[in-house]
S.K.: 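This is the structure, below, for whatever I ask next.
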Amino acid sequence: MDLTNDDSCRQAFVRRCPRLGGAVPFTYCLECEADKNPCFKIFDCWWETFDVVGYLKDTLAPEQFESLAQKQPKTKVASLVEIINKARANS
């Protein structure tokens, strides 16, 4: 299946997001990070549905793909501290 030029096909892929807890289309996962880059869990979430690694290798710049492949998630504690600090700053 060629997803490269078919936005409706990418939009049709929907699954439950482990980070948000609800259904999201693949297109959301492609640019959900603050810097509009793909989600760090995109490989984990989509590998059973289609060749997500091949798709991203074909569509991302080589350095962007390598950065995504090497990305490690923040620990729960680090994420909570960040959320608390943001909440304090907004109050």
S.K.: Among all residues two or more places apart in sequence or in another chain, which pass the side chain to side chain contact (heavy atoms under 4.5 Å, CB included) test with L20?
M.R.: C17, V24, Y28
S.K.: What is the distance from atom CD1 of I83 to atom CZ of R88, rounded to the nearest 0.5 Å?
M.R.: 13.0 Å
S.K.: Who are the side chain to side chain donor-acceptor pair (under 3.5 Å) partners of E66, not counting sequence neighbours?
M.R.: none
S.K.: Just jot down the side chain to side chain contact (heavy atoms under 4.5 Å, CB included) partners of R16, sequence neighbours excluded, or say none.
M.R.: P18
S.K.: List the residues meeting side chain to side chain contact (heavy atoms under 4.5 Å, CB included) with A89, not counting sequence neighbours, and say none if there are none.
M.R.: none
S.K.: Just to verify, what does D35 make a side chain to side chain donor-acceptor pair (under 3.5 Å) with, not counting sequence neighbours?
M.R.: N37
S.K.: Looking at residues at least two apart in the chain, or sitting in another chain, which of them share a salt bridge (charged side-chain N to carboxylate O under 4.0 Å, His left out) with K86?
M.R.: E82
S.K.: Measure the spacing between CD1 of I42 and CD of E31 and express it to the nearest 0.5 Å.
M.R.: 10.5 Å
S.K.: I'd like a table of donor-acceptor pairs (distance under 3.5 Å, sequence neighbours excluded) in which one partner is a side-chain atom from residues 44-54, with atom names and distances.
M.R.:
| unit_1 | atom_1 | unit_2 | atom_2 | d |
| --- | --- | --- | --- | --- |
| W47 | NE1 | D44 | O | 3.4 |
| D51 | OD1 | G54 | N | 2.9 |

S.K.: Mind checking the CG-CG spacing from L30 to L60? Nearest 0.5 Å is all I need.
M.R.: 8.0 Å
S.K.: E33: which residues meet the salt bridge (charged side-chain N to carboxylate O under 4.0 Å, His left out) condition with it, sequence neighbours left out?
M.R.: R19
S.K.: To the nearest 0.5 Å, tell me how far S67 OG sits from F40 CZ.
M.R.: 13.0 Å
S.K.: Would you compute the distance between atom NZ of K71 and atom SG of C39 and round it to the nearest 0.5 angstrom?
M.R.: 8.5 Å
S.K.: Under the side chain to side chain contact (heavy atoms under 4.5 Å, CB included) test, which residues partner A78, sequence neighbours left out?
M.R.: K74, T75
S.K.: Can you pull the ring-ring contact (aromatic ring centres under 6.0 Å, His included) pairs that have at least one residue in residues 57-76, sequence neighbours excluded?
M.R.: F43-F65
S.K.: Is there a side-chain contact between C29 and K41 in this structure, where contact means two heavy atoms from C-beta onward sitting under 4.5 Å apart?
M.R.: no
S.K.: Please report the closest heavy-atom contact between A23 and V14, naming both atoms and the distance.
M.R.: CB-CG1, 3.7 Å
S.K.: Residues sharing V81's hydrophobic cluster, by side-chain heavy-atom contacts under 4.5 Å among ILVMFWY, directly or via others?
M.R.: V77
S.K.: Name all pairs fulfilling the ring-ring contact (aromatic ring centres under 6.0 Å, His included) condition that reach into residues 68-91, sequence neighbours left out, sorted by first residue then second.
M.R.: none
